[in-house]
Amino acid sequence: STTLYNALLLADVDIKEVHSHTLAPSYVELSFDAMVNTGSADLIFYNPFSTPIAFITSVRGDEVKVKIYGKLS
């Protein structure tokens with residue numbers, strides 16, 4: 001969720017709800033983390049563009065990537 005959250009921020013997608021981890025993670029700066037927990041915490045975002053956006057995700061070893069593709073209006 002943290003990787004997706006940061007990709008959404010870079011793509012200028014509207015974040016409607018985000019929750020930080022209880023303890024600060026070591027892999028991102030404060031306020032750039034996001035956690036989800038079934039029933040209590042979600043990462044909710046809204047596509048502000050007039051066209052759909054697509055997500056391409058990948059994992060290699062301990063590296064996670066999220067790419068966001070779309071067409072600006």
Closest heavy-atom pair and its distance - Leu30, Ala24: CD2-CB, 3.5 Å
What residue pairs, at least two apart or across chains, pass salt bridge (charged side-chain N to carboxylate O under 4.0 Å, His left out) with a residue in residues 16-36? none
Quick one: CG on Asp14 to CZ on Phe49, what's the gap to the nearest 0.5 Å? 8.0 Å
Once rounded to the nearest 0.5 Å, what's the spacing between atom CD of Glu63 and atom OG1 of Thr3? 9.5 Å
Which heavy atom of Ser1 sits nearest a heavy atom of Met35, and at what distance? OG-CA, 3.5 Å
Heavy atoms from other residues, nucleotides or ligands near OH of Tyr46 exceed 12 (cutoff 6.0 Å): no
Evaluate whether atom CD1 of Ile44 has more than 12 neighbouring non-hydrogen atoms of other residues, nucleotides or ligands under 6.0 angstrom away. yes
With hydrophobic residues grouped by side-chain heavy-atom distances under 4.5 Å, do Leu10 and Tyr69 end up in a single group? no
Nearest 0.5 Å, what's the CG-CD1 distance between Leu8 and Ile68? 4.5 Å
Assert yes or no for the condition that the ring centre distance of Phe45 to Phe55 is strictly below 6.0 Å. yes
Could you check whether any side-chain heavy atom of Val64 comes within less than 4.5 Å of a side-chain heavy atom of Thr57, counting everything from C-beta outward? no
By the side-chain hydrogen bond (donor to acceptor under 3.5 Å, both in side chains) test, which pairs, at least two apart or in different chains, include something from residues 35-44? Asn37-Ser40
Do Tyr5 and Val18 have side-chain heavy atoms sitting under 4.5 Å apart? yes
Under 3.5 Å: donor-acceptor pair, side chain of Asn47, backbone of Val13: no
Side-chain donor or acceptor of Thr2 paired with backbone N/O of Ala34 under 3.5 Å: yes
Would you indicate whether the side-chain heavy atoms of Ile56 and Val66 approach each other to under 4.5 Å? no
How long is the span from the OG atom in Ser50 to the NZ atom in Lys71, to the nearest 0.5 Å? 8.0 Å
